[in-house]
Every structure is written in structure tokens, then in C-alpha cells.
Amino acid sequence: MIKQDDITFVAAEAFKRSGLVLSADKGYLLESRLAPLARAEGYPSIEALIAAARRDRSERLLWGITEALATHETFFFRDNTPFDLFKQDILPNLARARGLNGSIRIWCAACSSGQEPYSLAMLLDEERARLGNLKVEIVATDMAPRVLEKAKAGIYSQFEVQRGLAVQRLVRHFEQTGDQWRIKPNIRQMVSFQKQNLLESFNAMGTFDVVFCRNVLIYFDAETKKQILARLAKQTPGDGYLIMGAAETVVGLSKDFEPVEGRRGLYGRTDGTTGR
């Protein structure tokens with residue numbers, strides 16, 4: 001059993017680095033998430049791993065602990081609705097606004113192992129005939145280098161490709177390599193991956209017409225959510241869009257975004273011209 005003061009220490013360090021809120025009753029989460037890290041780092045127990053992190057104040061260990069505690073659950077075309085909204089509403093609206101010779105930038109925040117941005121890339125590839133010369137850039141970010149490396153490689157197990165991916169898309173967009181599947185080069189080239197912590201400034205990233213920030217703010221406290229949403233608004237033009245998870249909302253947290261009526265999880269700028 002992990003001692004309470006160890007849980008308190010880990011929770012404080014994880015919050016400082018990632019904004020992750022870990023309550024005092026989450027000892028079981030530490031047990032399941034940190035055991036593999038302890039083995040990988042050569043420690044005989046989780047307690048020994050935490051003791052080393054406390055003693056040495058090793059940023060490498062502390063970040064390893066933080067990344068291990070973060071939730072990286074994702075799969076292709078997760079929840080479907082956001083991708084339907086993107087295809088049926090967002091993409092046509094932005095294409096009209098930017099013109100067929102214009103450009104659109106999309107940001108997938110907290111992208112984990114890449115299934116969300118690659119899903120968008122597949123959809124865009126399938127819609128290419130309707131887009132003319134419209135240029136689309138997809139930027140995908142996460143704070144964890146480990147999952148970013150997996151995302152860049154674009155290699156997934158049979159289990160991973162079976163989650164949310166239709167057979168037709170698997171055949172069209174993937175190549176089988178042994179018992180694994182790799183996304184074809186034309187799809188991989190549509191996505192650029194980079195490290196970005198949502199607690200840090202977004203200024204260097206530029207503006208985005210569409211921001212996917214799904215199922216991540218639920219792990220932050222209210223004040224952190226407000227700060228992130230305020231900074232996201234600064235990166236989004238007046239006719240831009242924010243897409244959040246079905247269980248998330250900006251209500252009471254942001255005056256910069258408002259729900260798009262009849263479109264679950266979709267938000268536009270309150271001072272903008274987003275089609276509603």
C-alpha cells in the first residue's frame with residue numbers, strides 16, 4: 001500500500017507539471033500506472049521509485065511519473081460525432097470563408113498516440129475531391145514524448161485498428177507489416193507532431209481555425225480550465241471552432257466561446273462570425 005505522504009507528493013508534482021488533479025483516494029491509480037514505470041527504471045517497488053524521485057528531485061523521473069499518471073486513452077474516430085460535425089459543418093463553412101485557394105489550420109491538443117489527428121487526415125483525404133486547392137495543416141501535440149514517438153511512427157496493433165476503424169478505411173489508409181498496421185505515408189505526412197504542455201504558452205504555435213481539445217480538460221480544476229480556454233481563444237479567429245468532449249462544457253468557464261446550437265461539443269467564438 002502506497003503511503004499517504006507519497007500520494008500527496010506525487011499528486012503535487014503531477015499537478016505542477018501537467019495540471020492533473022489527483023485526489024487523495026487515488027492510491028489504486030498510482031499502483032496500476034506506476035508499477036510498469038518502476039520496473040522499467042529498475043526499482044524493486046513503486047515506493048522505491050517515489051523515494052528516488054523525492055531524494056534526487058530528478059526531473060526525468062518526475063516527468064516520467066507525471067506522464068505515467070496521465071490518461072492516454074484514445075482510438076480512431078472516437079465518438080464519431082466530432083468527425084461528422086467536422087465533415088458536414090466545419091469544413092464546408094471554412095472552405096467557403098477561406099476560398100478554395102485558401103488554407104485551414106487544425107490543432108489536435110493532447111493527441112496521445114495520434115489516432116485523432118490521423119482520423120482527421122483520413123477524412124480529409126477522402127474529401128479531397130471536394131476541397132479543390134484548399135490547403136489543410138494538422139498540428140498534433142501532447143506533453144508526453146513517449147506517446148508522441150508512437151504517434152509519429154504511425155504503427156498500431158490489430159487491437160488498436162479495430163477500435164473505431166472501418167475495414168474500408170483500414171485497407172485504404174494502412175499497410176500491414178507482420179501483425180501490425182502502419183498508416184500510409186501520404187496520411188502520415190499530413191500531420192506534424194510536437195511537444196506542447198497545455199499549462200504553457202501557445203503563442204509560438206500561431207492561430208488555428210479549428211481546435212480539437214477533447215476529453216482532457218476534465219482532469220483539470222476549474223481555474224486551470226479557465227486559463228486554458230482563455231489562451232485557446234487567443235489562438236482562434238472570430239470564425240474559428242473549438243471541439244470538446246461530450247461530457248465537457250465551456251459554460252461557466254469561458255466568455256470567449258459559446259455552444260453552437262444543436263451541435264453537441266461544438267463551440268464558436270462569442271465575438272465572432274462562426275456559423276450557428
Side-chain angles (χ1 to χ4, degrees), residues 1-75 78 108-116 140-151 160 193-203 213-232 244-254:
M1 180 70 68
I2 300 177
K3 295 182 295 184
Q4 190 58 54
D5 64 329
D6 279 345
I7 296 176
T8 301
F9 168 77
V10 168
E13 295 296 329
F15 179 79
K16 180 168 66 176
R17 286 166 176 76
S18 69
L20 175 69
V21 176
L22 189 68
S23 58
D25 62 346
K26 292 295 178 65
Y28 70 91
L29 184 66
L30 270 66
E31 294 278 0
S32 62
R33 298 279 177 87
L34 297 186
L37 179 63
R39 289 194 296 269
E41 292 289 341
Y43 292 99
S45 66
I46 296 171
E47 289 79 7
L49 169 71
I50 297 174
R54 297 184 75 157
R55 181 183 65 248
D56 302 335
R57 301 300 303 176
S58 164
E59 281 298 311
R60 187 183 67 80
L61 274 185
L62 290 167
W63 269 109
I65 289 170
T66 299
E67 292 175 14
L69 291 173
T71 299
H72 297 296
E73 170 70 7
T74 186
F75 50 90
R78 183 179 182 181
C108 292
C111 71
S112 187
S113 47
Q115 284 93 324
E116 179 179 82
T141 67
D142 201 278
M143 70 170 190
R146 178 177 54 85
V147 295
L148 282 175
E149 286 305 311
K150 176 177 173 60
E160 288 171 318
F193 292 94
Q194 63 188 63
K195 187 174 183 294
Q196 175 67 50
N197 190 326
L198 291 179
L199 298 188
E200 298 170 355
S201 172
F202 308 149
N203 290 343
C213 188
R214 299 195 298 147
N215 306 308
V216 59
L217 295 189
I218 54 175
Y219 299 105
F220 300 143
D221 62 21
E223 185 56 35
T224 304
K225 291 178 184 178
K226 290 177 182 179
Q227 293 172 5
I228 292 173
L229 288 167
R231 286 186 285 114
L232 285 177
M244 298 176 66
E248 299 174 303
T249 182
V250 302
V251 177
L253 298 170
S254 173

Closest contact, heavy atoms only, [X] versus [Y]:
X      : Y      : answer
Gly114 : Phe193 : CA-CE2, 4.2 Å
Cys108 : Cys111 : O-CB, 3.8 Å
Ser112 : Ala151 : O-CB, 3.9 Å
Leu34  : Leu49  : O-CD2, 4.1 Å
Thr74  : Ser113 : CG2-OG, 3.7 Å

When rounded to the nearest 0.5 angstrom, what distance separates [atom1] in [X] from [atom2] in [Y]?
X      : Y      : atom1 : atom2 : value
Ile46  : Arg39  : CD1   : CZ    : 8.5 Å
Asn197 : Thr141 : CG    : OG1   : 9.5 Å
Leu232 : Gln227 : CG    : CD    : 12.0 Å
Ile50  : Phe9   : CD1   : CZ    : 8.0 Å
Glu160 : Lys150 : CD    : NZ    : 4.0 Å
Leu253 : Met244 : CG    : CE    : 7.5 Å

Validation row: [X], [Y] side chains within 4.5 angstrom (heavy atoms):
X      : Y      : answer
Trp63  : Met143 : yes
Arg57  : Leu62  : yes
Thr224 : Tyr219 : no
Tyr43  : Leu61  : yes

Examine distances only and state if a side-chain atom of [X] and a backbone atom of [Y] form a donor-acceptor pair shorter than 3.5 Å.
X      : Y      : result
Glu248 : Val216 : yes
Gln194 : Asp142 : no
Arg231 : Glu200 : yes
Arg78  : Arg214 : no

Worked check of side chain to side chain contact (heavy atoms under 4.5 Å, CB included) between Leu217 and Leu229
CA-CA 9 Å; Leu217 295 189; Leu229 288 167; 3.9 Å; yes
Decide, yes or no, whether a salt bridge links Arg54 with Glu13 under the criterion of side-chain N to carboxylate O below 4.0 Å.
no
Other residues, nucleotides and ligands only: do more than 12 of their heavy atoms fall within 6.0 Å of NZ on Lys195?
yes
